[in-house]
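Chain letters run A, B, ... following the sequence lines, proteins first, then strands; residues in each count from 1. These numbers come from the heavy atoms of this one structure, side chains and all, not from hydrogens, waters or symmetry mates. Just so we're clear, the structure is a prediction, and the values are computed from it rather than from any experiment.
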There are 2 protein chains.
Amino acid sequence: MHYFTIGKLARQAAVAPETIRYYEKSRLLPPPDRLESGYRVYDSSTVKRVRFIKEAQALGFTLAEIADLLGMTEDEGADCATVNAKAQEKLEEIQKKIGTLRKMQKGLEVLAQRCPADEQPLSECSIISHLYGAEE
Amino acid sequence: MHYFTIGKLARQAAVAPETIRYYEKSRLLPPPDRLESGYRVYDSSTVKRVRFIKEAQALGFTLAEIADLLGMTEDEGADCATVNAKAQEKLEEIQKKIGTLRKMQKGLEVLAQRCPADEQPLSECSIISHLYGAEE
DNA sequence: CTTGACCCTGTACCTTACTACAGGGTGTAG
DNA sequence: CTACACCCTGTAGTAAGGTACAGGGTCAAG
């Protein structure tokens, strides 16, 4: 089966090799197998894992939170009550993020629609007012 | 009308006063009016603005991006084509974020459901596989 | 009319998440 | 058999986003 050295992994996941080593040190990636030379070797599942990390990060999760998220599925001997509680917590957080994004979306749509017909000042910020139900 | 000093504003928005001053320096907040003493004075719209900044940040937007977002509604004399193009761009970004969050949500739900009936190893990470359609 | 909570500016420091060497070994194409 | 791209460890530096003083003025309650 085809394997990846750190450089190839990094290219596939669109990050720098240093970032991979940094993630390893930070326990976001498990210590990989090594060739006799000491070179790290990875398989394609690591590519997915790194991409996941990057996407979660773009959504405002910190590396610590992401480690937690990934840890949930990997802790051998984590009991179900704990995993479920954590999952529930994360689900609520995600639900809230989606809700806020929806409101921003609405605000931007209003802003865009208002524009071609113009004349009204844009100064009343429709993004903010959609989030907080302000004087529209 | 009731006004806020920096400390009250900070408490209302759940940040530190230093953060408010930092946002002012970073042009995320306009220079406020001052009392004769030099004290900054704000009104409630600034509370909303600061909350907006914090929420946008929690969604992975940088302060520079947020400044851009807020700037869109305030640039006197920004032409509509430009505002619309920017809004469209942001809308796509937001749509993508929502999509990714939905997939994470699905993954976490599967993880949680799988747990009480247990026995299967959790080791196949359902969060990641939901994002990348891996071997489920 | 003072005391405690608040405000000011300015500078220095901190954490997170990288990024960039330095100094040295590896692997493969020509 | 060498040249060039790649890998290793370790340490230091960077950018973003704050946070923490120091040194000094303000304001309202008692």
Side-chain angles (χ1 to χ4, degrees), chain A residues 2-43 46-47 49-71 93 97, chain B residues 2-44 46-47 49-71 93 97 100:
Chain A
H2 181 64
Y3 71 86
F4 295 85
T5 57
I6 199 170
K8 279 179 199 166
L9 167 61
R11 267 191 299 280
Q12 293 295 314
V15 301
E18 290 81 7
T19 304
I20 303 294
R21 285 190 279 260
Y22 177 75
Y23 286 172
E24 186 183 331
K25 234 182 19 190
S26 316
R27 320 193 122 280
L28 281 150
L29 296 177
D33 290 342
R34 302 279 188 139
L35 298 180
E36 279 177 31
S37 56
Y39 285 25
R40 289 165 178 85
V41 292
Y42 301 96
D43 65 20
T46 310
V47 177
R49 198 179 168 99
V50 175
R51 283 189 187 150
F52 173 81
I53 295 168
K54 280 284 144 195
E55 297 203 53
Q57 230 183 347
L59 291 165
F61 293 99
T62 63
L63 292 187
E65 288 171 324
I66 296 166
D68 214 52
L69 216 48
L70 290 172
E93 209 175 315
K97 278 179 199 264
Chain B
H2 181 64
Y3 69 87
F4 295 86
T5 57
I6 198 168
K8 280 180 200 166
L9 167 62
R11 267 192 299 281
Q12 293 295 315
V15 301
E18 290 82 6
T19 303
I20 304 293
R21 285 190 278 260
Y22 177 74
Y23 286 172
E24 186 183 331
K25 233 181 22 189
S26 315
R27 324 193 121 278
L28 280 149
L29 295 177
D33 288 343
R34 304 279 188 140
L35 298 178
E36 278 177 31
S37 57
Y39 285 23
R40 288 165 178 85
V41 292
Y42 301 95
D43 65 20
S44 62
T46 311
V47 176
R49 197 180 168 99
V50 175
R51 284 190 186 149
F52 174 80
I53 294 168
K54 279 284 144 194
E55 297 203 52
Q57 230 182 348
L59 291 165
F61 293 99
T62 63
L63 294 186
E65 287 171 324
I66 296 165
D68 215 51
L69 218 46
L70 290 172
E93 211 175 314
K97 278 179 199 266
T100 307

Exercise. Under 4.0 Å between a side-chain N/O of B:Tyr23 and OP1 or OP2 of D:dG17, yes or no?
Worked result: no
Exercise. Can you check whether B:Ser26 has a side-chain N or O nearer than 4.0 Å to OP1 or OP2 of D:dG17?
Worked result: no
Seminar exercise, completed: B:Phe61 atom CZ is separated from D:dG17 atom P, nearest whole Å, by 13 Å
For this session: Answer yes or no: side-chain N or O of B:Tyr39 and base N or O of C:dC8 forming a donor-acceptor pair under 3.5 Å.
Result: no
Exercise. Could B:Lys97 and B:Phe61 be counted as a cation-pi pair, given that NZ or CZ must be under 6.0 Å from the ring centre and within 45° of the axis?
Worked result: yes
Exercise. Can you check the A:Leu35 CG to D:dC6 P distance for me, whole Å?
Worked result: 16 Å
For this session: Look at all strands and tell whether B:Thr5 reaches a base, only sugar-phosphate, or nothing, counting heavy atoms closer than 4.0 Å.
Result: sugar-phosphate
For this session: Quick one: closest heavy-atom pair of A:Glu24 and A:Pro30, and the distance?
Result: CG-O, 4.4 Å
For this session: For the side chain of B:Arg34, starting at C-beta, report the closest nucleotide among C:dT19, C:dC6, C:dC8.
Result: C:dC8
Exercise. To the nearest angstrom, how far is B:Tyr22 atom OH from C:dC13 atom C1'?
Worked result: 14 Å
Exercise. Across the strands shown, which category fits B:Thr62 at heavy-atom distances under 4.0 angstrom: base, sugar-phosphate, nothing?
Worked result: sugar-phosphate
Exercise. For A:Lys54 and C:dA17, is the shortest distance between a side-chain N/O and OP1 or OP2 below 4.0 Å?
Worked result: no
Exercise. Between atom CD1 in A:Ile20 and atom C1' in C:dA17, what is the gap in whole Å?
Worked result: 14 Å
For this session: For A:Lys25 and for B:Arg21, find the nucleotide of DNA chain C with the closest heavy atom, then tell me which residue's nucleotide is more 5'.
Result: B:Arg21
Problem set entry | Between D:dC27 (C1') and B:Arg40 (CZ): distance, integer Å | 18 Å
Problem set entry | Rounded distance in Å - CD1 (A:Ile6) to P (D:dA5) | 19 Å
For this session: Could you check how far CG of B:Leu29 sits from C1' of D:dG17, rounded to whole Å?
Result: 14 Å
Exercise. Counting only heavy atoms not in B:Asp33, do more than 12 fall under 6.0 Å of its CG?
Worked result: no
For this session: Examine C:dT16: is either OP1 or OP2 under 4.0 Å from a nitrogen or oxygen in the side chain of A:Gln57? Give yes or no.
Result: no
Seminar exercise, completed: Of all heavy-atom pairs linking A:Pro17 and A:Ala10, the shortest is N-CB, 3.6 Å
Exercise. So, is B:Ser37 near the phosphate of D:dC27, with a side-chain N or O under 4.0 Å from OP1 or OP2?
Worked result: yes
For this session: Using the side-chain contact (heavy atoms from CB on, under 4.5 Å) rule, take B:Val41 and B:Phe4 through it: C-alpha gap first, then chi angles, then the decisive distance, then the call.
Result: CA-CA 6 Å; B:Val41 292; B:Phe4 295 86; over 6 Å; no
For this session: Report the distance from atom CD of A:Glu18 to atom P of C:dA22, rounded to the nearest whole Å.
Result: 14 Å
